[in-house]
Every structure is written in C-alpha cells, then in structure tokens.
Amino acid sequence: MTDSTSIALVTGGNSGIGKCVAELLARDGCNVAVLDHERTEQSGCVLDRIQSIGQEACHLKADVRKDHEVRAAVATLLDRWGQIDILVNCAGIVRDQVIWKMNDDQWRDVIDVDLTGVFQCCRAVAPTMRTAKSGSIVNISSINGMRGKFGQTNYSAAKAGVIGLTKALARELARCNVTVNAVAPGLIETPILDGMSEEALSAAVAEILLGRPGQVEDVGELVSFLCSDRARFITGEVIRVDGGQYI
Ligand code: NAP
C-alpha cells in the first residue's frame, strides 16, 4: 500500500510518535496529512521535514473529540488528494489520578481523545477505504491498556478500548482488503511524559528489560511496516513495542 502515490493521514502528527510516523511514512513514499488540534510552529517543522524528503504535506486542524471537525478534515483531504490509503491514530493525552481523586473531566477528557477520537477518525475514513478496497489503519494503544496502570484507570480503559475497537474493525473491514492493527508502546521518550514525576519515571524504567525508555523511531518503524505491503497479511493484531516492559 505504501507506494509513491499513497496518502497517509496521521493524527497527533505535530509531536512525539505521530511526528515520527509522519516523517517515516514520507520516507516510505507517502504524501502525508498531519491532523492536530492546533497549527503550531511544530506543525510547520513537520511539514517542512516531509517536503524536504520530497513528498507533499498538509496540516489539517481538527480536534479528534469533535466529530464535525474530523469529518471536515477528512473531506478537505479527499478534495485535495482524492484518497486516503493509511490512517494512523496517534493523538492522545494523559490525565493521571487515582480513581478516588479522579474528577469527571479527567475521566472524560481521556476517554474522549484516546478512545472516541480513534473511533471518529476510523469512522470518517472507513467509507473511502471500503470503496477503494484497500487501506491500512494503525491505532496507537499502550501496554497500560493490556495490564492496567496505577493512577491510570481513565487511560488504561481508553487504551483497552482501542484494542477492542481495532479487533472489531479488523473483522468489519477485512472483506474490503483493509488491515487494522494496534501498536502498544511501553515507555517512550516524548512530551507526553513531561508531567511524570522523577520517581514514577524511574519506576517505569526499572520495569524495562532493556533498561531504557524507547525512542519514537522504535514505534514509528513498526507503524511504517504495518502500513506497508510487507504487512498485507497482518490484521487484528496488537503488537507491543516496550523493550520487555510488559512481560
Ligand atoms: P505527544 O508527543 O504528547 O503527542 C500527542 C499528540 O496528540 C500531540 O500532537 C497533541 O497535540 C495531539 N492531540 C492531543 N489532543 C488532541 C486532540 N483533542 N485532537 C487532536 N490532536 C490532539 O505524545 P506521544 O507520546 O507521541 O503520544 C502518541 C500516542 O502514543 C498517544 O496515543 C499516546 O497515548 C501513545 N503512547 C505513548 C507512550 C509514551 O510513553 N510516550 C506510551 C504508550 C502509548 P498538542 O501537542 O498540540 O496537544
């Protein structure tokens, strides 16, 4: 699926894993649309990087929590490039708190971005992939959606939901030759870790067999593979990239 004419849509592409995925898909020969809720200086850097690789790039401003914005962004992209071959759902947030102190906003914000956002992006893109009878969707989950994490009932629930969504959608889209997979990273060095205490960070690193946090490329290269023709017989999978943190 990743050839010189493939079109990729990457949510949360301004930062961290999404930014890396956007650049690697450009390297793979895709034209890349980066969807994020803000157009920032960072978005400009990502677009410049994609263009310097020799691919076309565009920024789509949309909050994945808002269905009308997601639909409008997808319509804009289809008007511009006519197809969407790859969707990678990277947009995500954390609002950590133990459940007895977690307020409604902390619960809802994480469910809305990390789970409902994935649902809305998949729903908006599915029709064009069904018509094309081709496509790849990769959803970024987390090992904490598989094992649960102290202080993350909201995030663990959302990321577990992404795994269920991925497997169900793989069944629904398989007849249209669309693959749907989830990647479950462990601790990866990105801005999402900025709010973590030194103590929590050290405890997480101590769990990792390889003894260090992952880099965005460790996740990005797997996503690149799953979006390529080399992975055309892989669907409904959840693949961990965690340096052995989960086992
Ligand atoms: P990041 O650098 O903070 O990237 C998250 C991206 O999502 C940012 O570009 C952010 O935009 C965007 N975003 C947030 N809310 C949004 C919304 N409502 N609508 C559209 N875009 C929104 O974090 P990251 O680590 O790369 O995270 C990428 C994915 O990997 C997330 O789903 C995360 O849960 C998952 N993950 C990360 C780790 C890790 O250790 N880093 C581990 C497991 C899973 P702004 O920056 O403008 O807010």
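Atoms considered below: every heavy atom in the structure, side chains included; atoms not considered: hydrogens, waters and symmetry mates. Along the sequence shown, the residues carry numbers beginning at 1. Just so you know, ligand 1 is whichever comes first in the structure, and atom 1 is the first atom listed for that ligand.
Using a 4.0 Å cut-off between charged side-chain N and carboxylate O, Arg147 and Glu207 make a salt bridge. Between Asp67 and Arg123 a salt bridge is recorded (basic side-chain N to carboxylate O distance below 4.0 Å). Looking at Arg27 and Glu23, no side-chain N of the basic residue comes within less than 4.0 Å of a carboxylate O on the acidic one, giving no salt bridge.
The side-chain hydrogen bond (donor to acceptor under 3.5 Å, both in side chains) test with Asn144 is passed by exactly one of Lys159, Lys149, Gln152: Gln152.
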List the steps, then state whether side chain to side chain donor-acceptor pair (under 3.5 Å) holds for Asn177 with Ser134.
CA-CA 5 Å; Asn177 193 35; Ser134 156; 5.0 Å; no
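Scored by the salt bridge (charged side-chain N to carboxylate O under 4.0 Å, His left out) test, Glu56 finds no partners at all (sequence neighbours excluded).
The contact shell of ligand 1, taken as protein residues with any non-hydrogen atom closer than 4.0 angstrom, comprises Gly12, Asn14, Ser15, Gly16, Ile17, Asp36, His37, Ala62, Asp63, Val64, Arg65, Cys90, Ala91, Gly92, Ile93, Val113, Ile140, Ser141, Ser142, Tyr155, Lys159, Pro185, Gly186, Leu187, Ile188, Thr190, Pro191, Ile192, Leu193.
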